[in-house]
Amino acid sequence: MVFADDEATQLLHPHHDALVLTLQVATINLKRILIDNGSSANVLFLATYKGMGLDETLILRKSTTLIGFNGEVSHSLGEVTLPIYAPGLNKHTRFSIVDSSSAYNAILGRPWLHAIRVMPSTYHQVLIYFTNGSIREIKGDQHSSRSCYKPP
């Protein structure tokens, strides 16, 4: 698969923006989802989970050790499986629930990326995946990505 050059021309340049998008998770259009192919876990932050109005009893209290890029160790509160919907796609996804602050609402890592066989491009700000015999794409939200890094 080759990314078209005209896709990148519609973006704000120059940029080093993360790939951040909006997806329907359960019944909510969840904004500020970071696509992180360096992450070995899908993460949903507790404040986001509560804000979605989901029942906390659905969280399986199974702590997982998570290690950040700086070697910092943290533990999840548990995990929950929620559906993620995108055009032509309905994928039940396991999230580790983490009680910490974040500019993002969720992080989708390699477990989700590999499960749907997606090709992410931060440069082109798009996810491309195959489903039902066709190529689909989800465009990133470059403005949302930049808002996550604005100083207070």
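Quick caveat, the model's predicted, so the values are computed rather than measured.
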- [ ] Any pair with a residue in residues 97-111 that passes salt bridge (charged side-chain N to carboxylate O under 4.0 Å, His left out), sequence neighbours left out, goes on the list, sorted by first then second residue, please.
- [x] none
Task: Within residues 40-67 or reaching into it, pairs that qualify as salt bridge (charged side-chain N to carboxylate O under 4.0 Å, His left out) - sequence neighbours excluded - done: none
Shortest non-hydrogen contact from [X] to [Y]?
X    : Y    : answer
A18  : Y104 : CB-OH, 4.3 Å
A41  : S96  : CB-OG, 4.5 Å
A106 : F45  : N-CD1, 4.1 Å
N90  : P83  : OD1-CB, 3.8 Å
T131 : P87  : CG2-O, 4.0 Å
G88  : R136 : N-NH1, 3.6 Å

When rounded to the nearest 0.5 angstrom, what is the spacing between [atom1] in [X] and [atom2] in [Y]?
X    : Y    : atom1 : atom2 : answer
T81  : H92  : OG1   : NE2   : 8.0 Å
Q142 : T122 : CD    : OG1   : 10.5 Å
L77  : L60  : CG    : CG    : 12.0 Å
L19  : S121 : CG    : OG    : 8.0 Å

Can you list everything that forms a side-chain contact (heavy atoms from CB on, under 4.5 Å) with [X]? Sequence neighbours excluded, please.
X    : value
S74  : L66
I28  : M52
N132 : none

Task: salt bridge (charged side-chain N to carboxylate O under 4.0 Å, His left out) partners of R94, counting only residues at least two apart - done: E79
Under a 4.5 Å cut-off applied to non-hydrogen side-chain atoms, are [X] and [Y] in contact?
X    : Y    : answer
L108 : L23  : yes
K91  : W112 : yes
T64  : H75  : no
P120 : L127 : yes
L82  : L54  : yes
I84  : L89  : no

- [ ] Return yes if some donor-acceptor pair links the side-chain N/O of N42 with the main-chain N/O of G109 below 3.5 Å, else return no.
- [x] yes
Open item on the list: For S76, is there any backbone N or O sitting under 3.5 Å from a side-chain donor or acceptor partner on S63?
Closed with: yes
[X]: side chain to side chain donor-acceptor pair (under 3.5 Å) partners, not counting sequence neighbours:
X    : result
Y129 : none
S145 : none
S40  : none

Can you give each donor-acceptor pair under 3.5 Å made by side-chain atoms of residues 30-38, sequence neighbours left out, with the distance rounded to 0.1 Å?
from : atom 1 : to   : atom 2 : distance (Å)
R32  : NE     : A103 : O      : 2.7
R32  : NH2    : A103 : O      : 3.4
D36  : OD1    : G38  : N      : 2.9

